[in-house]
Visitor: 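Before anything else, here's the structure in question.
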Amino acid sequence: MSNLFYKTTTPFILLGISTLVACGGDSGFNGSTTTDTQLKALIQTEGLTGSPLEKNNVPAISSPAAQLGMRLFFSKSLGGDKDSACVSCHHPALGGGDSLSLPIGVEAEDPDLLGSGRAHLASGTNYDGGPTVPRNAPTTFNLAGWDEVLFHDGRIESLLKTPHQNGAGGISTPDSAFGQLDTSAGANLAQAQARFPITSPEEMKGFHHQDKNNQQIRDFLAQRLGSFGTPYWLDKFKAVFNSPNGTASQLITEQNITFLIGEYERSQVFIDTPWKKYVEGDNTAISDAAKAGALVFFNTPANGGAGCSSCHAGDFFTDESFHNLAMPQIGRGKGDGDGSEDFGRFRVTGQASDKYAFRTPSLLNVEVTGPWSHAGAYTTLEATIRHHLNPQQAIDNYDINQIAQSGVQNLAKMQTNTQKAIDSANFEGLNLNLTDTQISNLVAFLKTLTDPCVKNRQCLSPWILDSTDTDQDPNGDQLIAKDSNNLDL
Ligand code: HEC
Ligand code: HEC
């Protein structure tokens with residue numbers, strides 16, 4: 001009883017404080033409403049500033065390192081068979097992802113066609129009619145905001161920031177055991193991550209280098225890039241590393257390549273959102289519907305909200321932790337269980353309480369990063385939210401026709417596999433009834449987390465290499481991305 005009393009009175013106490021603060025200032029003139037007052041109190045409780053990361057700590061896209069990193073990110077030369085690049089699945093004009101539920105990496109019908117219309121060669125290795133990569137490609141936007149873990153299952157992990165820290169700091173990766181230092185991980189999480197897509201046969205490595213282990217394929221690709229017979233790459237590495245006499249074997253190393261790619265990714269800071277303006281005090285920056293949605297988002301269920309911020313916490317809208325929400329397990333899975341399942345965080349820690357748990361995604365720019373959830377099972381934000389509220393109902397009524405890609409596997413098994421996640425002891429479905437208005441208000445709020453730049457091709461152009469680029473790799477390996485209408489992305 002006293003607990004209930006405490007919970008229901010908290011907002012009023014905070015509301016009182018915030019009103020006092022407001023009276024001391026000039027907020028009477030900027031159209032503050034009761035909703036604004038309530039929201040400002042919640043913003044204060046959550047300790048929000050609007051800024052998830054320090055812009056001063058990341059490289060500018062104009063910096064030499066980010067520029068060269070971009071050329072590497074857009075280069076198929078880092079694909080084992082030169083038919084896949086980082087940008088194949090992470091294009092800025094596609095929200096930093098690929099706009100597909102599940103990616104297609106190597107052996108695409110047309111490697112340069114990105115987004116809808118990208119299809120796998122029917123003659124491809126292990127092709128079974130659907131996408132070959134088992135998880136949705138997350139956005140690279142605001143990568144610098146992650147302090148603790150990368151990947152849906154957090155298998156790239158800062159040992160300084162997470163509970164598993166061993167005191168030494170550094171980064172743990174799939175090359176080291178869970179919680180153990182990978183001495184070659186590099187300068188930061190971005191670099192540590194960039195060392196792995198090139199080791200995945202389906203993403204970039206291809207199927208003609210099966211004899212090479214992770215380090216061997218990295219070194220092989222670096223050496224191949226350094227011995228292409230033109231000074232194109234070496235000249236650029238010499239300039240960036242300020243080493244006019246450096247040789248290819250000294251400069252074009254897997255460590256330098258992945259560091260540069262990470263610098264390009266870390267320059268992708270898109271945080272100037274209407275929500276940030278609102279937090280900073282501009283009451284007119286977001287609509288009334290969005291404000292109502294924000295109240296639902298930040299208020300606890302006991303206070304009539306949905307408590308979204310208990311997981312999507314802070315200015316980056318994530319606790320960088322793992323939860324089992326039983327998002328639909330479509331796709332070929334990671335080989336767990338009967339072979340078609342994906343055990344998520346459990347694959348990393350081996351702990352039962354982590355089974356089916358996936359990392360809480362950031363919600364910044366979420367409007368442009370669909371399809372949503374770890375296997376891209378939902379194609380609207382509304383459906384993604386409705387799933388949180390009642391996963392059982394969402395699974396029972398799941399409509400596979402929302403997936404535009406053909407041949408996505410395990411539709412029949414999806415319900416069986418996902419039911420196991422719902423029945424698991426760590427299941428955290430919210431079990432809440434919200435009205436249609438509350439849900440559409442939540443969507444309106446989520447859309448205030450979009451930096452207008454990510455919807456503006458002109459604004460994104462500094463991060464994109466396209467056919468207007470006059471300094472292309474003479475080997476022809478630059479990926480000039482086009483859409484299904486054969487137009488530049
Ligand atoms: C075939 C598609 C594909 C290609 C090519 C690809 N990725 Fe990814 N990327 C993914 C998928 C899928 C995931 C999520 C995998 C997981 O969590 O298990 C991912 C995850 C990431 C993440 C983690 C983001 C986060 O929020 O945790 C980063 C960063 C990233 N990729 C960068 C790169 C870089 C750099 C390259 C090139 C070296 C690359 N990717 C190539 C599909 C791709
Ligand atoms: C218990 C923790 C938790 C709560 C509470 C929660 N979420 Fe999530 N949310 C997650 C996790 C974990 C995922 C990813 C799950 C997966 O992919 O398997 C996710 C995914 C999402 C996504 C998809 C993002 C993407 O990039 O794919 C959206 C949108 C979202 N949540 C919005 C909300 C909203 C709105 C609320 C409140 C109604 C909410 N969440 C409450 C943990 C939570």
Visitor: Less than 6.0 Å separating the ring centroids of Y398 and Y378?
Guide: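 Yes, the ring centres sit under 6.0 Å apart.
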Visitor: Ring centres of F73 and W463 under 6.0 Å apart?
Guide: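 Between F73 and W463, the centre distance exceeds or equals 6.0 Å.
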Visitor: Can you label the angle between the F241 ring and the F237 ring as parallel, tilted or perpendicular, going by 30° and 60°?
Guide: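 Ring orientation, 0 to 90° scale: parallel.
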Visitor: Is a donor on one side and an acceptor on the other found under 3.5 Å between the side chain of D483 and the backbone of L489?
Guide: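 The answer is no, because no donor-acceptor pair under 3.5 Å joins these two groups.
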Visitor: Considering only residues two or more places apart or on different chains, which pairs with a residue in residues 226-245 satisfy salt bridge (charged side-chain N to carboxylate O under 4.0 Å, His left out)?
Guide: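 Residue pairs with at least one partner in residues 226-245: K236-D471.
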Visitor: Could you walk me through whether D81 and H208 pass the side-chain hydrogen bond (donor to acceptor under 3.5 Å, both in side chains) check?
Guide: CA-CA 7 Å; D81 298 328; H208 296 107; 3.0 Å; yes
Visitor: Scan side-chain atoms only and decide if Q329 and T418 contain a donor-acceptor pair under the 3.5 Å cut-off.
Guide: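 No - no donor-acceptor pair under 3.5 Å links their side chains.
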Visitor: Applying side-chain contact (heavy atoms from CB on, under 4.5 Å), name anything that partners A185, two or more places apart in sequence or on another chain.
Guide: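 Here the qualifying residues are I171, T173, D182, A192.
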Visitor: Using only atom types and a distance under 3.5 Å, with no angle test, would you say the side chain of T450 pairs donor to acceptor with the backbone of P452?
Guide: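 No; judged by distance alone, with no hydrogens or angles, the pair does not exist.
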Visitor: Would you call the rings of F297 and H312 parallel, tilted or perpendicular if under 30° counts as parallel and over 60° as perpendicular?
Guide: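 F297 and H312: tilted rings.
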Visitor: Looking only at side chains, do S243 and Q250 share a donor and an acceptor under 3.5 Å apart?
Guide: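 Per modelled atom types, S243 and Q250 side chains form no pair under 3.5 Å.
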Visitor: I'd like to know if the side chain of N456 and the backbone of C459 have a donor-acceptor N/O pair within less than 3.5 Å.
Guide: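 The answer is yes, because a donor-acceptor pair under 3.5 Å joins these two groups.
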Visitor: Can D451 and T273 be counted as having a side-chain donor-acceptor contact under 3.5 angstrom?
Guide: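 Side-chain D/A pair, D451 to T273: absent.
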Visitor: Take the angle between the ring planes of F74 and Y264 and call it parallel below 30°, perpendicular above 60°, tilted in between.
Guide: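 F74 vs Y264 ring planes: perpendicular.
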Visitor: Indicate, with yes or no, if the rings of F322 and F358 have centres closer together than 6.0 Å.
Guide: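 Between F322 and F358, the centre distance exceeds or equals 6.0 Å.
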Visitor: Is it true that D477 and S75 share a donor-acceptor pair across their side chains at a distance under 3.5 Å?
Guide: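 No, because no side-chain N or O of S75 sits under 3.5 Å from a partner of the opposite role on D477.
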